[in-house]
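Scroll down for the structure; my scribbles are underneath it.
We use all heavy atoms of the structure for the numbers below, so side chains are in, but hydrogens, waters and symmetry mates are not. Numbers here simply count residues along the sequence, with the first being 1. Predicted model only: the values in this text are computed from it and were never measured.
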Amino acid sequence: MRGIIFVFLNLLMFTLCAQERDSVFIKFQDKIDVSKSDKEKIDLMLDFAEKQYEYNFSFAKRMVEEAVELINNQSVIDEKQLAKAYTIQGIINRREGKYPESLDYNLKAKSIYEKLNDSMYGSDIMHNMGMVYRSQKLHNKAIQLYKESIAIKALINDTHGLAASYNMMGVSFRQSKKLDSAFVCYDKARELFQSIDSFEDVQRVNNNLVALYRDQKKYDLAISLAQENIIRSKRKNKNFSLSAAYFNLSTLYKRLKDYSKSLAYADSALIVAKSENFRKKISKAYLRKSFLNHKLGDYKTAYFDYRKFNRHSDSIFNIENIKRIQASELNYKFQQEKREVELLAKQEKEKKQLYGILLLLVLASGLIIGYLIFRIYKNRALILEEKVEKEKAQKELLDAKVKVGEEETKKLVADNTMRLEFKQELLDQIKSHILPDATGELKLKLNSLISELQLQVTTEGKLSEIQSKITDVNQGFDAKLRELYPKLTKTEREVCALLRVNLSIKEIMTVRNSSLDAVKSTRYRIRKKMGLNSGEELERFIQSI
């Protein structure tokens with residue numbers, strides 16, 4: 001009996017609310033009638049639909065559909081109006097439990113806002129998409145979208161939007177059993193809503209807190225807050241919040257095993273949900289009634305309630321819904337990539353046109369420069385010809401000088417060789433004749449030694465003269481070696497200079513007063529540093545430098 005009275009009172013409440021709505025609709029219709037343009041009419045319809053989906057869900061749905069039809073009939077579509085209409089349709093479809101359709105509308109709106117570079121409304125779409133994923137129990141993805149929305153709203157100082165995202169993120173944390181994180185989010189949301197005096201939104205947070213207190217088994221706090229939320233929802237005629245508040249109170253009494261009270265509140269939640277066709281809430285209410293009637297021993301009613309739950313439930317469509325949601329995501333990404341490709345193609349076309357113009361300018365400039373170069377070339381050709389002849393004559397003179405120098409050097413080397421042989425014979429005589437007669441012959445030996453030293457000085461003078469000749473012949477050659485082979489030592493460069501004037505190994509031994517092994521070792525190092533292979537002749541290679 002008490003349940004029947006409770007239902008009657010709710011029906012009476014809805015009748016009174018309907019009268020109030022009628023006066024609101026009459027005022028709205030008056031504004032539509034005096035609107036001066038279709039654009040103004042569309043703005044009125046969208047604003048009214050946005051406000052009414054909390055109160056008159058069916059009317060808001062019809063209103064936004066009419067607005068979209070008007071938008072598409074315009075010669076120039078206002079994309080901002082269209083994006084707003086898509087956003088509202090996304091919310092309506094989500095509340096009806098049509099999640100793939102809701103996501104599709106949100107992605108369409110997101111695409112437009114990205115093109116318009118509108119961060120504020122773009123962050124609203126992130127929030128709405130998070131709620132779609134939350135309804136499908138894909139909480140990790142929902143939380144990620146809420147965080148993205150919060151980051152943008154914090155930058156643009158959108159306090160209301162920031163609080164709403166914290167509130168919904170708290171729901172996902174609670175349903176993921178992360179109760180501490182949920183409480184932190186609710187606390188931030190309530191603080192932000194209170195800072196802007198948005199008491200209706202504070203009630204939304206309170207509805208969610210009821211569920212949190214219930215999970216924490218703080219039933220007294222939860223019941224008190226749920227009853228307060230029912231009063232506020234009735235006062236504001238907010239059917240979606242009212243249905244949620246009734247259902248929350250039903251859940252609390254179910255936990256407390258007061259099944260009669262729980263059933264009465266489940267009935268109230270069902271009446272409100274049916275009045276606005278909140279499909280998911282209708283389904284949940286029938287499932288709750290089935291459970292409660294079973295507990296109360298009314299098995300027949302419990303059976304029929306369960307059948308109604310199956311008929312209204314969208315749980316059997318969850319897998320299909322997720323597939324359709326994924327398809328919507330992939331389609332959105334494909335459209336984004338398609339737009340990027342088209343933009344790149346356009347840029348490439350403009351780039352080719354620019355290159356074409358630049359090419360024409362370059363060709364024209366090239367012709368002018370070519371003519372000027374031709375004129376300059378004709379004048380320079382004569383100068384270059386004269387220079388070549390002069391260099392040719394200088395080269396012939398230098399070659400002749402090198403040839404003469406080589407002959408003179410060979411003569412000097414031969415002379416020096418004879419003197420060295422004489423020096424050796426003298427030393428041999430001193431060793432064999434003077435040394436054995438050491439007594440009484442000291443003065444003679446000293447005189448002989450002095451004579452020998454004098455001869456050595458004379459011989460060294462000859463060597464200096466040979467070196468002077470080599471320097472004249474190889475003028476500039478040493479600098480060239482330094483440039484080409486910087487790793488060559490001074491000794492190695494000097495041997496290269498002797499090889500250039502065609503001296504043999506024995507002649508180089510004599511000139512440098514070195515041993516045969518030392519000269520051969522130097523030649524080996526020179527070949528290695530010049531990178532010559534075994535088939536190349538060192539003397540010929542040096543003479544070609």
Side-chain contact, heavy-atom cut-off 4.5 Å: Glu50 with Val64? no
Assess whether side chain to side chain contact (heavy atoms under 4.5 Å, CB included) is satisfied between His127 and Ile150, documenting all intermediate values. CA-CA 8 Å; His127 173 90; Ile150 286 169; over 6 Å; no
Show, in sequence, the C-alpha distance, side-chain angles and deciding distance for Arg540 and Ser544, and conclude whether the side chain to side chain donor-acceptor pair (under 3.5 Å) test is met. CA-CA 6 Å; Arg540 184 171 295 176; Ser544 68; over 6 Å; no
Over-ring placement of Arg500 relative to Phe477, 6.0 Å and 45° cut-offs: yes
Could you give me the CA-CA distance, side-chain angles and deciding distance for Ile88 and Met63, then say whether side chain to side chain contact (heavy atoms under 4.5 Å, CB included) is met? CA-CA 10 Å; Ile88 297 169; Met63 189 60 55; over 6 Å; no
Other residues, nucleotides and ligands only: do more than 12 of their heavy atoms fall within 6.0 Å of CD on Gln74? yes
Is it the case that over 12 heavy atoms from other parts of the model lie below 6.0 angstrom from the OH atom of Tyr121? no
Is the distance from the ring center of His160 to that of Phe193 below 6.0 Å? yes
Drop me the distance from Glu65's CD to Ile92's CD1, to the nearest 0.5 angstrom. 7.5 Å
Kindly compute the distance separating CE (Met168) from OH (Tyr186), expressed to the nearest 0.5 Å. 7.0 Å
If you measure from NZ on Lys84 to CG on Leu46, what distance do you get to the nearest 0.5 Å? 6.0 Å
Could you give the distance from NZ (Lys110) to OG1 (Thr87), rounded to the nearest 0.5 Å? 12.5 Å
Is it true that, when you exclude Asp180 itself, more than 12 heavy atoms of the residues, nucleotides or ligands shown sit nearer than 6.0 Å to its CG? no
Between Arg134 and Met169, is a side chain to side chain contact (heavy atoms under 4.5 Å, CB included) present by the stated rule, with each step listed? CA-CA 9 Å; Arg134 189 209 75 197; Met169 187 160 67; over 6 Å; no
Intermediate values then yes/no, side chain to side chain contact (heavy atoms under 4.5 Å, CB included), Met509 and Ser515: CA-CA 6 Å; Met509 279 172 49; Ser515 67; over 6 Å; no
Within a 6.0 Å radius of atom NZ on Lys480, are there more than 12 heavy atoms belonging to other residues, nucleotides or ligands? no
Nearest-0.5 Å distance that lies between atom OH in Tyr113 and atom OH in Tyr86: 11.5 Å
